[in-house]
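Position 1 is the first residue of the sequence, and the numbers go up from there.
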Amino acid sequence: MRDSSSHRRAPHTLHRKAAAVALVGVSALIAAAVQSGAATAAPQKAPSAAGKVLPGAESLKLTPAQRAELIRQANATKADTAKDLGLGAKEKLVVRDVVKDGDGTLHTRYERTYDGLPVLGGDLVVETTKSGATEGVRKATNKTIKVASVTPKVSAAKASAQALKAAQAAGADKADTNRAPRKVIWAGNGTPTLAYETVVGGLQEDGTPNELHVVTDAATGAKLYEYQGIETGTGNTMYSGTVTLGTTQSGSTYNLTDGARGNHKTYNLNRGTSGTGTLFSGPDDIWGNGSASNTETAGADAHYGAALTWDYYKNVQGRSGIRGDGVGAYSRVHYGSNYVNAFWDDSCFCMTYGDGSGNTHPLTSIDVAGHEMTHGVTSNTAGLNYSGESGGLNEATSDIFGTAVEFYANNSSDVGDYLIGEEIDINGDGTPLRYMDKPSKDGASKDSWYSGIGSVDVHYSSGPANHFFYLLSEGSGTKTINGVTYNSPTSDGLPVTGIGRDKAEKIWFRALTTKFTSTTNYAAARTGTLAAAGELYGTTSAEYTAVANAWAGVAVGSRPGGGGGTSFESTTDVSIPDNGAAVNSPITVSGRTGNAPSNLAVSVDIVHTYIGDLRVQLIAPDGTAYTLKAYGTGGSTDNLNTTYTVNASSEVANGTWQLRVQDNAAQDTGYINGWKLTFP
């Protein structure tokens, strides 16, 4: 739950300093993509009766044994699947997960290898009907996986040295490489490239364990990417009152091992920063006294939070454990001294909690526990890269389900709310870490999407997705829930009607597990959640419309039917030269009075094979240029279909406005399919 810049990666933690990125690793609480393939909405279905889920649409609650059997079956046919998908002779599929719907539809998630090398960013999801017919494929990249040679031109030692340098530049302490760089194919943000992946250990500058992954071009030695692998009986808890804990008795001794939840264990690190520590145990089954000075109190909070998270995912989302295999993770409390953070680490399959400033506020509240464990769920499903827009979505997913777990707990000492980390007082003034109804209230998070959001720390670029979830759940405007007053605005100034938190959770979880890939960005998240809502409730349902409206409320896409206001539109195709001069598409606005609004909506529909190469600008009648999408942003996806909000209040409304688009790199083609200006 922490923050970091786009170039400086730290763990997923709770304080506002360096933040982490996670393809597959660790994530912390504090701040310190692009979907391709069949990313269309669900087929047309009639709306469900009274807003209920369509029969057979919801995913089944699989037991670990049932899931294991589906994975076994997928493994048995993965060679045929690769052939059916048209993969090359050197490509092979690795089954990662399988989700099954009530109507027999399977959503099988695969990783890929090329000539025996792992393909980072090559993941995909294949959807098949009960009869076995392929119904859709979602890929993290549409690029053909192929390289000229798998023989590197630079040495592994050079790659290792570069990785160490990157870690030291990020403030790492005692940085070291604990294993040799491995050869991979990097396909995460462009043309597939033979590369090295080096992992640097040690500690980050705030004391969080370091697991910096650096991807280096094996032909030139250039750094291609980097991300942080660390994402940041009766219990008398500090935050949740007196609660029942799952414990185990051995002879006359009790310990914090939850036999009903995959044998989840909670350990005391006793200010250490490595290893497992000591399993909490004692002569009675009473843990802590509600005070931070008692070492068992933090253990009770962490153990309780883990149990609630397990129960939420199993009882609400049908997932048995973080990996879906019925195996519990473990928790470690009392990490370091004055450590103001918490983090999830895939490598140990564990959560770790610091004791906060002065060692008086352990970061073990319910929503923090749910947040951290959800990083593990995300890593074992969509695998959202913990960098750029996908990193913001990764972080938001943990906030969303951390909030869901808190509401699910129904604990009178820590009631459900749309505030993140409100109990742990990380700011020292009683304010929460983040606000979902209006993320910018924390002073750094973003309320709405804009073209440069991918360069913002992931704990702040998560804002639009958190805001979307609040709008979808509760709607816009002022309301009081469980004693907390919210006032949620929208980027287009138009209202959003919520559908309830339960439905919003269901839609986001389905999108996470069956639609999102490692490179999903905000535009693709909109597509994925619309597809999920369409499958669950029908594409003509109120729920489907609410998803579209909530995304429009954070400037991702437009509202159904234009969303109100006065619109001026061009449907004339304009070809975009490959790596050539900019082209313009004009729209003449007339009949308006005065200046344009501060929330002018600019909806663009551009067909292109690699939108990262495009620069897109709105040109006002007086020639002023407003950059909607900068060159190098947006990732490797096909097509750009979204709505931007522009403060054009200094421009006269009437006159000729232009959409200017330029392709800045070779080997890609496309055209402006149309665009629209909407004056709310």
- Task: Establish, yes or no, whether a centroid distance under 6.0 Å links the rings of Y225 and W186.
- Result: yes

- Got a sec, which residues hit side-chain hydrogen bond (donor to acceptor under 3.5 Å, both in side chains) with K265, two or more places apart in sequence or on another chain? T257

- Could you tell me whether Y267 and Y330 have their ring centroids closer than 6.0 angstrom? yes

- Query: Excluding sequence neighbours, so at least two apart, what forms side-chain hydrogen bond (donor to acceptor under 3.5 Å, both in side chains) with S461?
  - Reply: none

Output a table of donor-acceptor pairs, distance under 3.5 Å, between side-chain atoms of residues 82-95 and any protein atom two or more places apart or on a different chain; print 'none' if there are none.
unit_1: E91; atom_1: OE1; unit_2: R112; atom_2: NH1; d: 2.9
unit_1: E91; atom_1: OE2; unit_2: G88; atom_2: N; d: 2.8

- State which residues pass side-chain hydrogen bond (donor to acceptor under 3.5 Å, both in side chains) with S473; sequence neighbours excluded, sorted by chain then number. none

Would you list the atom pairs, donor with acceptor, under 3.5 Å between side chains in residues 401-408 and any protein atom, with sequence neighbours excluded?
unit_1: T403; atom_1: OG1; unit_2: D399; atom_2: O; d: 2.9
unit_1: E406; atom_1: OE1; unit_2: D417; atom_2: N; d: 3.1
unit_1: Y408; atom_1: OH; unit_2: N315; atom_2: ND2; d: 2.9

- Task: For S365, check side-chain hydrogen bond (donor to acceptor under 3.5 Å, both in side chains) against everything at least two apart and list the hits.
- Result: D367

- Item | Selection residues 61-71 - residue pairs positive for salt bridge (Lys or Arg N to Asp or Glu O under 4.0 Å), sequence neighbours left out | R67-D97, E69-R72

- With sequence neighbours left out, write down each residue that passes side-chain contact (heavy atoms from CB on, under 4.5 Å) with T134, or none if nothing qualifies. V126, T128, V137

- Residue list, side-chain contact (heavy atoms from CB on, under 4.5 Å) with P118, at least two apart or on another chain: R182, V184

- By side-chain contact (heavy atoms from CB on, under 4.5 Å), A68 pairs with (sequence neighbours left out) none

- Residues two or more places apart in sequence or in another chain: which of them pass salt bridge (Lys or Arg N to Asp or Glu O under 4.0 Å) with R261? D258, D311

- Query: Got a sec, which residues hit salt bridge (Lys or Arg N to Asp or Glu O under 4.0 Å) with K183, two or more places apart in sequence or on another chain?
  - Reply: none

